[in-house]
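Here is the structure we will look at, set down as structure tokens.
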Amino acid sequence: MGHSEPEDVDVVIVGGGPAGLSAALSLGRARRRVVVVDSGSPRNRFAAHMHGVLGHDGMSPLALLELGRTEASGYGVRFIHGDVERARADDGLIEVDTAAGGIRTRRLLVATGLRDELPAIPGFREQWGRGVVVCPYCDGWEHRHDVIGVVATSPRSVEQAQLLRQWSDRTVYFENVVGAASADDREKLARRGIRVEPGAVDGLRTRVADGEARVTGVEVGGHVIEVGVVFTGPTMRPRDGLLRRLGASTTATELGEWVEVDDDGRTSVAGVWAVGNVVNPRANVSVSLGVGSLVAGALNADLVAADIAALTP
Ligand SMILES: Cc1cc2nc3c(=O)[nH]c(=O)nc-3n(C[C@H](O)[C@H](O)[C@H](O)COP(=O)(O)OP(=O)(O)OC[C@H]3O[C@@H](n4cnc5c(N)ncnc54)[C@H](O)[C@@H]3O)c2cc1C
């Protein structure tokens with residue numbers, strides 16, 4: 001775009017995952033001028049199938065996003081590929097730097113998701129989203145007949161093991177570097193038949209079947225415990241650099257400092273909104289679709305109020 005004037009729109013959405021696309025669909029249908037800027041790395045891109053999303057159970061996560069982009073495009077939503085690292089307030093508007101040049105927008109909606117930081121155990125990265133997973137509701141059913149291994153990353157991993165016992169009565173809790181569970185936790189694990197395996201986990205055993213490496217065991221203390229899948233708890237890091245550089249205030253949570261939003265998705269920065277995993281670690285795909293639509297409605301109402309105020313003498 002060179003030195004040409006920045007283009008003006010109603011809403012720039014940064015992030016085209018389920019939350020951003022759901023908002024884009026509603027705002028496009030509300031006849032807003034909407035641009036979505038997306039770098040194309042949604043959190044669940046490692047998984048071949050998505051579960052627990054009504055009407056789309058078992059669908060590929062990337063296919064859902066493709067469908068969403070097609071639907072939103074039908075209402076005039078424009079897409080730009082790339083990262084947005086910076087935006088600044090400019091005379092009541094927000095100027096956003098994109099790969100296609102500067103865009104001035106009345107509102108900015110940040111839906112950039114989060115990054116999962118995996119424990120540094122050999123094989124975890126390669127198996128992420130297939131043989132190493134996080135969410136019982138997404139992958140528990142598929143492994144109900146397997147031995148389920150839970151590799152601890154924090155004292156809260158005991159809860160994850162107790163939860164997974166609902167799916168398989170052959171659940172093994174690997175204490176890993178977190179160390180011994182408390183006597184009370186051990187007693188409760190034993191009561192539900194959850195085996196406890198002490199020692200730091202050294203790696204995974206896999207076997208190639210149908211051209212794919214499948215997890216068959218967990219290596220610990222020089223021996224191998226057979227499992228069909230590993231659940232673990234990665235550290236969740238919100239992709240909130242853009243929001244923080246804009247000065248959005250944060251709040252302390254049990255997962256660290258997260259950007260704060262009100263029930264409608266407003267941040268503390270005028271005109272800047274946020275939705276989905278970037279502000280809510282508990283937002284699965286269904287929740288992200290829901291809150292995307294909810295925030296879009298609130299954002300559109302906010303724009304209508306501004307339109308009224310602009311006409312008020
Ligand atoms: C392995 C795995 C499997 C999962 N399986 C399921 C499942 O079966 N069912 C389920 O309900 N949930 C599942 N989830 C959770 C699901 O991934 C999240 O609920 C969902 O992705 C959250 O949507 P979002 O729109 O907030 O973020 P995302 O889907 O992560 O989308 C964010 C988008 O923003 C883009 N972006 C980030 N930063 C920038 C930037 N600076 N500029 C431009 N673009 C940017 C990213 O490239 C990405 O496209 C799974 C998660 C994992 C890790």
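First listed ligand is number 1; within each ligand, the first listed atom is number 1.
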- Query: Under 6.0 Å from the six-membered ring centre of Trp141 and within 45° of its axis: does the NZ or CZ of Arg144 meet both?
  - Reply: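 Yes, Arg144 and Trp141 form such a contact.
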Within the supplied structure, the quantity of interest is the number of heavy atoms (other residues, nucleotides, ligands) at a distance under 6.0 Å from [X] [atom1]; does it exceed 12?
X: Arg31; atom1: CZ; result: no
X: His49; atom1: NE2; result: no
X: Asp262; atom1: CG; result: yes
X: Arg69; atom1: CZ; result: yes
X: Arg130; atom1: CZ; result: yes
X: Asp91; atom1: CG; result: no

Location of contacts on [X] toward ligand 1, heavy atoms closer than 4.0 Å:
X: Pro61; answer: neither
X: Asp116; answer: side chain
X: Val285; answer: both
X: Ser288; answer: side chain
X: Arg239; answer: side chain
X: Trp128; answer: side chain
X: Ala111; answer: backbone

Which residue owns the protein heavy atom closest to [atom], what's the atom, and how far is it?
atom: atom 31 (O) of ligand 1; result: Gly17 CA, 3.4 Å
atom: atom 17 (O) of ligand 1; result: Asn44 CB, 3.1 Å
atom: atom 29 (O) of ligand 1; result: Pro18 CD, 3.2 Å
atom: atom 43 (C) of ligand 1; result: Gly82 O, 3.3 Å
atom: atom 27 (O) of ligand 1; result: Gly113 CA, 3.5 Å
atom: atom 39 (C) of ligand 1; result: Thr112 CG2, 3.4 Å
atom: atom 36 (N) of ligand 1; result: Ser39 OG, 3.3 Å
atom: atom 30 (O) of ligand 1; result: Arg43 N, 2.9 Å

Could you list the atoms of ligand 1 found under 4.0 angstrom from a heavy atom of [X]?
X: Met50; result: 8 (O)
X: Pro42; result: 29 (O), 30 (O), 48 (C), 49 (O)
X: Asn277; result: 18 (C), 19 (O), 20 (C), 22 (C), 26 (O)
X: Asp38; result: 33 (C), 34 (O), 35 (C), 44 (N), 46 (C), 47 (O), 48 (C), 49 (O)
X: Gly276; result: 26 (O)
X: Val14; result: 40 (C), 42 (N), 43 (C)
X: His51; result: 7 (C), 8 (O), 9 (N), 10 (C), 11 (O)
X: Asp83; result: 39 (C), 40 (C), 41 (N), 42 (N), 43 (C)

- Item | Selected option - heavy-atom contact closest to atom 42 (N) of ligand 1, from Asp139, Val36, Val84, Val37 |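 Residue with the shortest heavy-atom distance to the ligand atom: Val84.
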- Message: Nearest non-hydrogen contact with atom 1 (C) of ligand 1 belongs to which option: Ala19, Ala283, Gly129?
- Response: Gly129
- Item | Pairs flagged by side-chain hydrogen bond (donor to acceptor under 3.5 Å, both in side chains) wherever residues 275-287 is involved - sequence neighbours left out |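 For residues 275-287, and leaving out neighbouring residues, the side-chain hydrogen bond (donor to acceptor under 3.5 Å, both in side chains) pairs sorted by first residue read Arg43-Asn277.
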Check whether any side-chain heavy atom of [X] lies under 4.5 Å from a side-chain heavy atom of [Y], and answer yes or no.
X: Glu226; Y: Val147; value: no
X: Val35; Y: Thr105; value: no
X: Arg266; Y: Asp302; value: yes
X: Glu212; Y: Val208; value: no
X: His223; Y: Glu197; value: yes
X: Val11; Y: Leu303; value: yes

- Hey, what do you get for OG (Ser293) to CG (Leu21), rounding to the nearest 0.5 Å?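 The CG atom of Leu21 is 13.0 Å from OG of Ser293, to the nearest 0.5 Å.
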- Message: So for ligand 1, is Ser41 a polar contact partner (N or O within less than 3.5 Å, distance only)?
- Response: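 Indeed, backbone or side chain, Ser41 has an N or O that close.
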- Taking distance alone, with no angle check, do Cys138 and ligand 1 share an N/O pair under 3.5 Å?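 In fact, backbone or side chain, Cys138 has no N or O that close.
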- Would you call Arg186-Glu175 a salt bridge at under 4.0 Å N-O? yes
- Measuring from the heavy atoms of Cys135, does anything fall under 4.0 Å of ligand 1? no
- Query: Judged by non-hydrogen atoms, does Leu242 sit under 4.0 Å from ligand 1?
  - Reply: no
- Pick from Arg29, Arg107, Arg32: which one makes a side chain to side chain donor-acceptor pair (under 3.5 Å) with Asn300? Arg32
